[in-house]
Amino acid sequence: MTPEFHRLAADAILVVHFTFIAFVVVGQLFILTGGIAGWKWVRNRWFRAAHLFAIGIVVIQAWIGVICPLTTWEQWLRDQAGDPTYDETFVAHWLRKFVFFEAPPWVFTVAYTAFALLVIASWIFIRPRPFHISAKRPRR
């Protein structure tokens, strides 16, 4: 495969990473705002379960000291392209500035844990609709 392919794949993974982060952060903002504003869709059990699962993955990785697989994969692809790490395209450059910043690892662990506690608290105070096992519907 060509270096251009590896660069494009690395950029695509960066976009996925950004989208994942946006889902977690913006999703929580929507849950809190929607809970106050009475938006019914923020109580959707599948949306809320996916949201809780997403932040759960981040917190577990932080607590056990595992680097996000998306970061590892992106860096590997950039290396395969022959690029120095973080020598990227325009899209990658700006997304990276938004997604990544320098701080000691414990800062991220505390931030992820606090955010997860906020997500859990929203399950208590802005309850999602319950999961129901629906009865089989007769065929028509």
Side-chain angles (χ1 to χ4, degrees):
M1 292 187 211
T2 67
E4 291 78 23
F5 171 82
H6 286 101
R7 278 187 203 101
L8 182 61
D11 287 349
I13 289 171
L14 187 59
V15 169
V16 169
H17 206 172
F18 176 81
T19 303
F20 181 89
I21 293 166
F23 172 69
V24 172
V25 174
V26 176
Q28 185 61 33
L29 291 173
F30 282 155
I31 290 166
L32 296 174
T33 303
I36 294 166
W39 301 342
K40 292 184 181 193
W41 71 267
V42 300
R43 296 179 184 271
N44 178 283
R45 62 190 170 269
W46 296 108
F47 165 66
R48 296 292 293 279
H51 187 257
L52 182 62
F53 182 74
I55 190 62
I57 289 170
V58 172
V59 170
I60 290 168
Q61 287 175 350
W63 276 95
I64 64 175
V66 173
I67 295 173
C68 177
L70 292 173
T71 301
T72 303
W73 195 11
E74 178 203 348
Q75 294 305 324
W76 180 82
L77 285 165
R78 293 203 188 282
D79 186 55
Q80 294 301 303
D83 292 342
T85 307
Y86 302 118
D87 182 33
E88 61 262 31
T89 66
F90 176 80
V91 171
H93 174 76
W94 288 105
L95 283 174
R96 184 174 313 286
K97 286 197 176 287
F98 181 75
V99 172
F100 297 108
F101 50 92
E102 295 295 322
W106 69 266
V107 171
F108 295 101
T109 301
V110 169
Y112 299 154
T113 302
F115 196 87
L117 291 172
L118 177 63
V119 171
I120 292 167
S122 70
W123 270 74
I124 295 167
F125 297 107
I126 306 170
R127 299 202 58 79
R129 290 186 298 269
F131 288 91
H132 291 291
I133 299 174
S134 59
K136 285 191 174 185
R137 297 179 186 176
R139 288 188 169 191
R140 294 183 176 181

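The figures that follow rest on heavy atoms only: side chains count, while hydrogens, waters and symmetry mates do not.
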Next item on the list: Might you work through the side-chain contact (heavy atoms from CB on, under 4.5 Å) test for L118 and L32, ending with a clear yes or no?
Entry: CA-CA 10 Å; L118 177 63; L32 296 174; 4.2 Å; yes
Next item on the list: Take I21 and V24, measure what side-chain contact (heavy atoms from CB on, under 4.5 Å) needs, and give me the verdict at the end.
Entry: CA-CA 5 Å; I21 293 166; V24 172; 5.9 Å; no
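Other members of the cluster containing F53 are I57, with ILVMFWY side chains joined at under 4.5 Å, either directly or via other members. Through ILVMFWY side-chain contacts below 4.5 Å, L29 is grouped with nothing and stands alone.
The ring pair (Phe, Tyr, Trp, His ring centres under 6.0 Å) search around H51 returns F23, not counting sequence neighbours. Under the ring pair (Phe, Tyr, Trp, His ring centres under 6.0 Å) criterion, W106 pairs with no residue, sequence neighbours left out. Under the side-chain contact (heavy atoms from CB on, under 4.5 Å) criterion, I13 pairs with L70, W73, E74, L77, not counting sequence neighbours. Remark: P69 engages Q61 in a side-chain contact (heavy atoms from CB on, under 4.5 Å) (not counting sequence neighbours). In terms of the side-chain contact (heavy atoms from CB on, under 4.5 Å) criterion, residue partners of R48 (sequence neighbours excluded) are, by chain and number, I31, S122, W123, I126, P128. Annotation: ring pair (Phe, Tyr, Trp, His ring centres under 6.0 Å) contacts of F5 (sequence neighbours excluded): none. Partners of I64 under the side-chain contact (heavy atoms from CB on, under 4.5 Å) rule, at least two apart in sequence or in another chain, are I60, V66.
For CH2 of W41, the number of neighbouring non-hydrogen atoms (other residues, nucleotides, ligands) closer than 6.0 Å is greater than 12.
Taking each heavy atom of R78 and R7 in turn, the nearest pair found is NH1-O, 4.2 Å. Between R129 and R45, the closest heavy-atom pair is O-CB, 3.3 Å.
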Report, one line per pair, each donor and acceptor closer than 3.5 Å where one atom sits in a side chain of residues 110-117; sequence neighbours left out.
residue, atom, partner, partner atom, Å
T113, OG1, W63, NE1, 2.7
T113, OG1, T109, O, 2.7

